[in-house]
Protein chains: 2
Amino acid sequence: MGRWQPGARERLEQAALDLFLDQGFTETTVPQITARAGLTTRTFFRHFADKREVLFAGEESVPERVARLMAEAPPSLGPMELIAEGLAPAAAEIFEGRSLDYLLRRRAAIDAEPALRERELRKFSLMSEALEQGFRDRGVDDLTARLAAEIAVTTFRIAVARWLDQHGDPDLPATINQTLAAMRHLTSHGGCSPFLTTHDEDHHRRDTGQLHDG
Amino acid sequence: MGRWQPGARERLEQAALDLFLDQGFTETTVPQITARAGLTTRTFFRHFADKREVLFAGEESVPERVARLMAEAPPSLGPMELIAEGLAPAAAEIFEGRSLDYLLRRRAAIDAEPALRERELRKFSLMSEALEQGFRDRGVDDLTARLAAEIAVTTFRIAVARWLDQHGDPDLPATINQTLAAMRHLTSHGGCSPFLTTHDEDHHRRDTGQLHDG
DNA sequence: CAGAGCCATGACACTTCATGTCATCACTAT
DNA sequence: ATAGTGATGACATGAAGTGTCATGGCTCTG
């Protein structure tokens, strides 16, 4: 035995996503996935550490790519400047080569299953750790590095969610910038600035016309 | 059979924490935990949905308590004002009745096991969802509510981590305020200019507070 | 071309997690 | 007392995940 199968991983991922969307994550057994891919159960666990990982393969490299992008950025950039300039390019690289349709199908499967949502949280946590280390390597103090990393990941996560909600209409860089602007607006004017009136805040919101979700 | 056991849940939690710290989460089997507590395996899963939950029982009520605290706060408070004023009291209520020693032991067990760290992320995610709904109920727009919820939870999480790192020395309210101040400093001044004057801060804020689409 | 070695896979056994189901015992209310 | 309620024990079962070895194709080398 042991005949080699072309694209075994890819076929397992495809079969798993199809089945998860069709009958749900819990209702889908690993033997069902491997049967559809023409493989055995044992082979599934050679490619993926557990059943959830089949939807998260290929993202192990994201933290290290994030670290590389940060190391390549101009050292003069402060944390928030780096986030403002680097988030969109980083997102572009992360999603490079994946169709919007695939991303929507994948998200639908993840949203439907708490265990997969949890795994998704871990992905963002790993991104945050990479970012935190990247900021520290740029000379940022520990607390600020941690905060900046969380700000970056949170902005990224919310922007991607909004972008997918809108089926990709305002493109991802634009959605990221809108989200980042709203984040800055909230933290700068959202209750800590006695000098701005409510009218001023309304003015900011009206300028974009894109800040309301539903 | 079926003799009632006083404090079955508590004894299971205690036995599990002891065993997790002693031999690790993976190496500890559910029968080991139940044997130490004088119960059967089946009873364990009647009290906890899965093996991890034994360290997270009693936190199911946190989201609803967060929602209550938000509803009780003065409606005039903006999102950031509410966070600044409400985070410390909320933390006090959440940790009410738990000793620092217990919190440290529990964190040690969680930090040692990826599966438990993941469960911890879900806890914060649930808190964030409750906060988001709370902000919406106060009339905040969807995007701002989501962002404010994430800011609040992130600040809380980082502050608690720092507080435990320091074995509770600066007390939790003080640590929360420090963390919140660092967060504000980062988002307002970019985290790279600690020497800006108040006037410079206002100028910078106005310059970067604009929303740009592309 | 032949043999050696590598690597992915198949096959099988095994442990642990988790759940469904029913019987049993204690406590409680009438 | 008797019935009801609720927690537990006991048993069976399925699915997840791992260890181990055999097998067959592939490449590298002489």
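Residue numbers begin at 1 in each chain, while the letters A, B, ... track the order of the sequences.
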Inset, instruction - Check whether any side-chain nitrogen or oxygen of His47(A) sits under 4.0 Å from OP1 or OP2 of dT9(C), and answer yes or no. - result: yes
Inset, instruction - For dG10(C), take OP1 and OP2 only and decide whether either is under 4.0 Å from a side-chain N or O of Thr43(A). - result: yes
Once you round it to whole Å, what is the distance between [atom2] of [N] and [atom1] of [X]?
X        : N       : atom1 : atom2 : answer
Phe44(A) : dG17(D) : CZ    : C1'   : 11 Å
Phe45(B) : dT13(D) : CZ    : C1'   : 14 Å
Leu12(A) : dT9(C)  : CG    : C1'   : 12 Å
Arg42(B) : dA18(C) : CZ    : P     : 11 Å
Phe25(B) : dG17(D) : CZ    : P     : 13 Å
Leu39(B) : dT24(C) : CG    : P     : 20 Å
Lys51(A) : dA16(D) : NZ    : C1'   : 8 Å
Glu27(A) : dA15(D) : CD    : C1'   : 13 Å

Inset, instruction - Give one of base, sugar-phosphate or nothing for Thr28(A), where a contact means two heavy atoms less than 4.0 Å apart. - result: sugar-phosphate
Legend entry - Main-chain N/O of Thr28(A) paired to Lys51(A) side chain as donor or acceptor, under 3.5 Å: yes
Inset, instruction - Answer with yes or no whether Arg46(B) presents, from its side chain, a donor or acceptor under 3.5 Å of a partner atom in the base of dG9(D). - result: yes
Legend entry - Presence of salt bridge, Arg146(A) and Glu129(A), under 4.0 angstrom: no
Inset, instruction - Could you tell me whether Glu120(A) and Arg122(B) make a salt bridge, using a distance below 4.0 angstrom between a side-chain N and a carboxylate O? - result: no
Legend entry - Nearest to side-chain heavy atoms of Thr29(B), which nucleotide of dA18(C), dG9(D), dC17(C): dC17(C)
Legend entry - Flag for Arg136(A)-Gln133(A): side-chain donor and acceptor within less than 3.5 Å: yes
